[in-house]
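The structure under discussion appears below in the form of structure tokens.
Each chain gets a letter, A, B and so on, in the order its sequence line appears, and its residues count up from 1.
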2 protein chains.
Amino acid sequence: MNIGQASAASGVSAKMLRYYESIGLIPRAGRTEAGYRVYKDRDVNTLRFIRRARDLGLPIERIRLLVGLWRDRERSSADVKRIAEEHVAELEAKILELTAMRDTLQELADACRGDHRPECPILRDLEGGGGRGPGRRQVDPHQCASSPAA
Amino acid sequence: MNIGQASAASGVSAKMLRYYESIGLIPRAGRTEAGYRVYKDRDVNTLRFIRRARDLGLPIERIRLLVGLWRDRERSSADVKRIAEEHVAELEAKILELTAMRDTLQELADACRGDHRPECPILRDLEGGGGRGPGRRQVDPHQCASSPAA
DNA sequence: GCTTGACCTTCCCACCATGGGAAATCCCAT
DNA sequence: ATGGGATTTCCCATGGTGGGAAGGTCAAGC
């Protein structure tokens with residue numbers, strides 16, 4: 001199997017196959033006389049494993065550990081579980097961060113009329129911000145056009 | 001005000017100040033005879049605006065648009081709102097993506113005993129995966145150590 | 001005035017994972 | 001033999017940030 005076939009069979013792009021090899025995530029593939037990489041079914045299994053792990057958002061370094069454990073018949077599932085849970089915690093943190101951003105921005109957008117006039121709570125908040133959530137900052141509602149000080 | 005003071009006053013690192021200038025997000029700062037950048041209060045206002053926008057996860061290019069609108073007294077709030085909503089949609093998409101990853105991985109971790117033995121549903125899933133959610137793949141529970149084909 | 005330390009300048013490198021593209025070579029089918 | 005597709009290596013870009021080197025500048029203390 002050459003790189004194109006291994007790519008199609010594993011769902012990992014040829015570009016990434018070369019990259020993974022270059023960083024040592026996968027061993028150096030065998031070569032034909034002409035220098036073409038040669039893959040075996042076994043390699044494709046590994047690549048599929050890697051691709052699924054990437055689909056779960058796992059960073060390369062963690063995948064490196066998982067592949068090592070996968071190959072290790074003496075592993076303890078506790079090690080695998082720990083890696084998974086670390087990643088769950090990071091995903092969770094990221095989710096909370098993004099959710100907070102989304103909520104704040106959604107509230108601001110909801111408060112914005114979205115018409116032809118310039119008055120805009122979103123800009124007012126970015127300009128003056130400090131607090132959080134609705135009422136993140138008290139602003140005189142009659143204050144006009146929220147533009148930078150000239 | 002030199003770059004260090006502007007940085008402290010705005011919450012934007014000196015490094016980023018230079019970067020924002022280099023990409024034209026902020027205009028080229030004035031210079032002293034020795035070449036030191038000089039900032040005014042007005043510049044700090046802009047920088048604070050930018051930092052708050054970054055805190056909401058807005059990418060530079062969108063911030064560029066927002067700063068333009070902020071300065072434009074003829075703007076319509078609809079333009080601002082549209083930009084905000086686009087970003088909310090992107091945040092939402094990312095949140096859903098990460099949440100799906102987290103849920104899948106959490107389920108797998110929950111199913112893993114996490115003991116000294118090698119048997120591990122997480123590795124089994126990565127190895128064999130295909131479906132989604134619990135029972136993403138039917139695997140004989142008596143199957144043993146889920147290791148790569150040798 | 002001179003030293004010292006804190007600050008500033010520009011420039012390059014690194015991250016992380018991925019894609020794009022160029023130039024050269026190779027394989028296979030016609 | 002020729003042409004088109006696949007492959008090779010190498011460099012560049014992304015986005016936003018930090019690190020650090022090499023050198024110039026400023027201000028305070030002596």
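You won't find any donor-acceptor pair under 3.5 Å spanning the side chain of B/Y19 and the base of D/dG15, going by distance alone. If you check distances only, the side chain of B/Y36 never reaches the base of D/dC26 with a donor-acceptor pair under 3.5 Å. Within 3.5 Å, no donor on the side chain of B/K15 pairs with an acceptor on the base of D/dG16, nor the reverse.
Note: CZ (A/R51) to C1' (C/dT18) measures 15 Å, nearest angstrom. D/dG15 atom P lies 10 Å from atom CD1 of B/I60, rounded to whole Å. Straight-line distance from the CG atom of B/L17 to the P atom of D/dT17: 11 Å, rounded to whole Å. Put simply, CD on A/E21 is 16 Å from P on C/dT18, counting in whole angstrom units. What separates NE2 of B/H87 from P of D/dG15 is a distance of 14 Å, to the nearest Å. Note: CD (B/E33) to C1' (C/dC7) measures 18 Å, nearest angstrom. In this structure, A/Y20 places its OH atom 11 Å from C1' of C/dC16, rounding to the nearest Å. Here the P atom of nucleotide C/dC11 and the CZ atom of B/R18 are 12 Å apart, to the nearest Å.
Residue B/R37 is classed as a sugar-phosphate contact, given heavy-atom separations below 4.0 Å to backbone atoms only. Residue A/R54 is in sugar-phosphate contact alone, with no base atom involved, counting any heavy-atom pair closer than 4.0 Å across all strands shown. A/S13 comes within 4.0 angstrom of sugar-phosphate atoms only, judged by non-hydrogen atoms across all strands, and of no base.
Closest approach to the B/N2 side chain among C/dA17, C/dC8, D/dG16 is made by C/dC8 (side chain taken as heavy atoms from C-beta onward). For A/I3, whose side chain is taken as the heavy atoms from C-beta onward, the closest listed nucleotide among D/dG16, D/dA6, D/dT8 is D/dT8.
When the side-chain nitrogen and oxygen atoms of A/R31 are compared with OP1 and OP2 of D/dT9, one or more of them lie within a distance under 4.0 Å.
Across every non-hydrogen atom of B/R75 and B/W70, the tightest pair is NH1-O, 3.0 Å.
Each of B/E61 and B/T32 has a nearest nucleotide on DNA chain D; the 5'-most of these lies closest to B/E61. Nucleotides of DNA chain C nearest to B/G35 and A/A34 differ in position, and the one nearer the 5' end is that of B/G35.
With a 4.5 Å cut-off on side-chain heavy atoms, A/L69 and A/I83 count as touching. The side-chain heavy atoms of B/D115 and A/S76, taken from C-beta on, include no pair separated by under 4.5 Å.
Look at A/E61 and A/R64 and you find a salt bridge, because one of the NZ, NE, NH1 or NH2 atoms lies within 4.0 Å of a carboxylate O, short of that distance.
Looking only at distances, a side-chain donor or acceptor of A/H87 sits under 3.5 Å from a matching main-chain atom of A/L56.
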